[in-house]
Undergrad: 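Shown below is the structure under consideration.
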Amino acid sequence: MADIITKKPKSEQTKQNIIDTYLKLIPSKCWDKITVKELCAQANITRGTFYQYYSDIYDLMEQIENTLLDDVNRFYNAASKSQPSSSCSTGKFEDSFDYAPPQLMTAWFKFCKKNKKEIAVMLDPKHSDVYFMKKLKNILSEHINQMMDDDGLPDDTLRRYFTNLLIEMHFLAARYWLEEEDEANVLSTTDILNLLNTMRVGANYLHYFQSTRSDFDIKMNIPEDNE
């Protein structure tokens with residue numbers, strides 16, 4: 001018996017058409033400068049149809065953002081529950097440290113892959129909503145800090161800088177991965193994860209050396225150019 005393909009209700013198809021059209025317009029124009037009139041013309045719908053689902057452009061963007069933020073939280077929360085702590089004592093570090101990319105790192109790419117069309121637009125630093133980016137950064141910051149806690153890294157002055165750098169690398173990697181049109185040049189998810197994980201592994205090894213090598217501070221004391 002042939003599989004029965006269930007179509008989405010017409011209302012859901014209409015909403016998706018509005019969202020898809022809006023996302024296609026953002027790369028060429030700032031999100032809040034797109035008018036309902038031009039969106040309706042591009043989507044081939046009436047203004048009345050638009051207002052059945054959204055009160056204005058801001059409401060449309062808010063609903064898109066809230067859906068994405070709820071989804072990324074689901075991915076991270078699931079990863080948090082399944083991720084064992086990789087923290088180990090200094091004496092057993094070389095034998096016990098898990099250098100594989102943790103679930104909290106893979107969650108980001110699972111989320112991006114599922115929402116490829118939306119997140120590729122929403123990470124546009126020029127035309128997307130900066131407040132959405134801040135909310136996304138806060139979520140990533142929370143879980144990156146959890147990952148560092150799981151690894152047993154100190155909550156010191158350097159952590160804030162490392163966290164911010166790793167967040168930017170998450171965004172940069174996702175943009176490159178999602179926007180590259182030539183499939184021959186696209187790195188696999190595994191490749192990108194390993195690149196990001198190199199930063200995590202490096203931080204843990206440096207912490208280990210700092211705890212076990214008496215000459216660590218001397219070796220790491222790189223003189224300034226003006227010295």
Side-chain angles (χ1 to χ4, degrees), residues 2-80 106-144 164 167-183 185-186 189 192:
D3 292 336
I4 299 175
I5 300 176
T6 304
K7 289 186 177 181
K8 289 183 179 180
K10 187 174 180 180
S11 59
E12 288 188 29
Q13 293 181 45
T14 302
K15 285 189 70 174
Q16 193 61 53
N17 178 36
I18 293 171
I19 292 171
D20 290 346
T21 303
Y22 182 57
L23 293 173
K24 288 178 182 177
L25 289 169
I26 291 177
S28 60
K29 196 172 187 179
C30 192
W31 72 273
D32 58 348
K33 302 302 180 185
I34 298 169
T35 65
V36 173
K37 181 179 179 180
E38 65 181 310
L39 192 157
C40 290
Q42 290 289 327
N44 196 28
I45 60 172
T46 65
R47 290 168 65 92
T49 298
F50 175 88
Y51 289 119
Q52 287 180 27
Y53 304 99
Y54 307 102
S55 58
D56 51 29
I57 289 295
Y58 294 93
D59 181 35
L60 169 58
M61 180 56 110
E62 184 178 16
Q63 290 193 40
I64 294 172
E65 291 177 351
N66 287 341
T67 298
L68 290 172
L69 292 172
D70 287 345
D71 206 33
V72 74
N73 272 315
R74 278 194 294 270
F75 273 97
Y76 273 118
N77 290 336
S80 297
T106 62
W108 169 248
F109 291 96
K110 289 180 180 179
F111 162 72
C112 289
K113 186 175 182 179
K114 179 190 173 188
N115 300 282
K116 182 175 182 179
K117 176 174 55 181
E118 293 85 355
I119 206 65
V121 174
M122 301 300 285
L123 289 181
D124 180 349
K126 184 177 180 181
H127 293 137
S128 63
D129 183 6
V130 294
Y131 294 104
F132 171 76
M133 298 283 282
K134 289 180 179 179
K135 292 176 183 177
L136 201 53
K137 284 183 178 182
N138 287 337
I139 293 172
L140 264 68
S141 177
E142 175 187 349
H143 293 289
I144 287 173
N164 289 337
I167 288 171
E168 293 302 326
M169 291 300 294
H170 274 66
F171 286 170
L172 183 62
R175 288 190 192 108
Y176 174 80
W177 183 46
L178 295 171
E179 294 173 4
E180 179 59 59
E181 295 180 358
D182 186 353
E183 293 187 1
N185 294 328
V186 176
T189 307
I192 295 176

Undergrad: Please walk me through it: do Met61 and Ile26 pass side-chain contact (heavy atoms from CB on, under 4.5 Å)?
TA: CA-CA 11 Å; Met61 180 56 110; Ile26 291 177; 3.9 Å; yes

Undergrad: Could you pull out all residues at least two apart from Lys29 that satisfy salt bridge (charged side-chain N to carboxylate O under 4.0 Å, His left out)?
TA: Glu38

Undergrad: Counting only heavy atoms not in Asp70 (residues, nucleotides, ligands), do more than 12 fall under 6.0 Å from its CG?
TA: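 More than 12 heavy atoms, drawn from other residues, nucleotides or ligands, come within 6.0 Å of this atom.
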
Undergrad: Identify the heavy atoms of Leu69 and Ile139 that sit nearest to each other, and give their distance.
TA: CD2-CD1, 3.8 Å

Undergrad: Would you mind writing out the side-chain donor-acceptor pairs for residues 116-125 within the sub-3.5 Å range, not counting sequence neighbours?
TA:
from	atom 1	to	atom 2	distance (Å)
Lys117	NZ	Asp20	OD1	2.8
Asp124	OD1	Lys126	N	2.9
Asp124	OD1	His127	N	3.4

Undergrad: Kindly state each residue pair satisfying ring-ring contact (aromatic ring centres under 6.0 Å, His included) with at least one member in residues 40-61, sequence neighbours excluded.
TA: Trp31-Tyr58, Phe50-Tyr54

Undergrad: Lys137: what forms a salt bridge (charged side-chain N to carboxylate O under 4.0 Å, His left out) with it, not counting sequence neighbours?
TA: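 Listed in chain order: Glu168.
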
Undergrad: With rounding to the nearest 0.5 Å, note down the distance linking CG in Leu39 to NZ in Lys24.
TA: 11.5 Å

Undergrad: Side chains of Ile57 and Thr35, heavy atoms from C-beta outward: is any pair under 4.5 Å?
TA: no

Undergrad: Taking side chain to side chain contact (heavy atoms under 4.5 Å, CB included) as the test, write out the residues that go with Asp71, two or more places apart.
TA: Arg74, Phe75, Phe111, Lys114, Asn115

Undergrad: Does Trp108 reach the side chain of His143, with side-chain heavy atoms less than 4.5 Å apart?
TA: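 No. Closest side-chain heavy atoms not under 4.5 Å.
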
Undergrad: Which atoms form the tightest heavy-atom contact between Ala43 and Thr21, and what is the distance?
TA: CB-OG1, 3.5 Å

Undergrad: Under the rule for ring pair (Phe, Tyr, Trp, His ring centres under 6.0 Å), what residues qualify as partners of Phe132, not counting sequence neighbours?
TA: none

Undergrad: Is the closest side-chain heavy-atom distance between Phe171 and Ile167 below 4.5 Å?
TA: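 Result yes, sub-4.5 Å side-chain heavy-atom pair found.
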
